[in-house]
Amino acid sequence: GAVVSQHPSRVICKSGTSVKIECRSLDFQATTMFWYRQFPKQSLMLMATSNEGSKATYEQGVEKDKFLINHASLTLSTLTVTSAHPEDSSFYICSTSPAYASGGGKTPLASTDTQYFGPGTRLTVL
Amino acid sequence: GENVEQHPSTLSVQEGDSAVIKCTYSDSASNYFPWYKQELGKRPQLIIDIRSNVGEKKDQRIAVTLNKTAKHFSLHITETQPEDSAVYFCAASDPYSSASKIIFGSGTRLSIRP
C-alpha cells in the first residue's frame with residue numbers, strides 16, 4: 001500500500017525549544033497532506049491541511065504561529081512546534097491520499113478517498 | 001461542519017463472539033465512511049470503508065452497514081480473536097472541505113476476553 005513516513009518517531013525536548021517533524025509521501029506526489037494531534041486515549045484531531053506551494057489551512061483553535069507548516073515540495077510537509085510547552089506533548093500524525101497525487105506521480109494505489117497515515121511522532125516536552 | 005459520534009467508548013466481548021460499534025454523522029452530504037484500527041502507539045490502519053451509494057460491505061470477518069436516511073453506520077466484527085483488541089475509529093468525509101478531509105469519531109476501545 002501507499003507509504004507515508006515521518007521523522008523523527010520520538011522526540012524529547014526542553015520547554016521553549018522548537019521541534020520540526022517531517023512527513024514524506026513515498027509512493028506518490030501529494031499536493032495535500034493533513035496533520036493530526038492525538039492526546040492519550042483520545043481521538044485524532046485535525047490540526048491543519050497542508051497545501052503544496054501555498055499556505056496551510058488551520059482548524060479552529062489551532063494557533064498558526066505556534067504550529068508552522070511548510071509544504072515546499074510534492075513529497076514533503078513539515079510541522080514545526082515553536083516554543084514548545086509540556087501541554088504540547090502529544091502524538092502527531094500526518095496523512096495523505098492518492099486523491100491528492102499530482103500529475104506525473106506514480107499510479108494511485110487505492111480508492112481516491114483512502115487516507116494513509118504516517119507512523120506518527122511522539123513529542124514529549126519537559 | 002461534519003460531526004461524528006461513536007459508541008460505545010469501551011467494549012469487552014468474549015473471544016469468538018461478535019462486536020458491534022455504532023456511529024452517527026451529522027451532515028447528509030457526507031459520502032465516504034472509513035473505519036480505522038489503531039494499536040497502542042501505532043498509526044491508524046484502514047480496515048474497511050463504505051460509500052454512500054452502498055448499504056453494506058463485507059470483508060471476511062468484518063462488515064460495515066450504512067443507513068443514509070438515519071445517518072448511521074456500524075462496524076461488525078464476527079468470530080472475534082485476541083488480535084482484534086485495539087481502538088477502533090469511525091470517520092466521515094467533510095463534504096464542504098475543498099480537500100475532502102475526514103472527521104473522526106471518539107473511538108472505541110475493544111477488548112477480547114480469552
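In what follows, chains carry the letters A, B, and so on, assigned in the order in which the sequence lines appear, proteins first and then strands, with residues in each chain numbered from 1.
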Between A/Phe91 and A/Phe39 (judged by ring centroids, cut-off 6.0 Å), do the two rings come close enough to count as a pair? no
Just checking B/Phe73 against B/Trp35, ring centres under 6.0 Å apart? yes
Exam field: side chain A/Glu52 to backbone A/Ala30, donor-acceptor pair closer than 3.5 Å: no
A/Ile93 versus chain B, the contacting section by heavy-atom distance below 4.5 Å: side chain
So which part of B/Gln38 gets closer than 4.5 Å to some heavy atom of chain A, the side chain, the backbone, both or neither? side chain
Checking A/Phe117 against A/Tyr36 for the ring-ring contact (aromatic ring centres under 6.0 Å, His included) test, could you report, in this order, the C-alpha distance in whole Å, the side-chain angles of both residues, the deciding distance, and whether it holds? CA-CA 10 Å; A/Phe117 288 85; A/Tyr36 293 85; 5.6 Å; yes
The interface call for B/Pro34 against chain A, heavy-atom contacts under 4.5 Å, is neither
Where does A/Glu59 contact chain B at under 4.5 Å (heavy atoms): side chain, backbone, both or neither? side chain
Please tell me whether B/Tyr36 and B/Phe89 form a close aromatic pair, meaning their ring centres lie under 6.0 Å apart. no
Using heavy-atom distances under 4.5 Å, tell me whether A/Gln38 contacts chain B through its side chain, its backbone, both, or neither. side chain
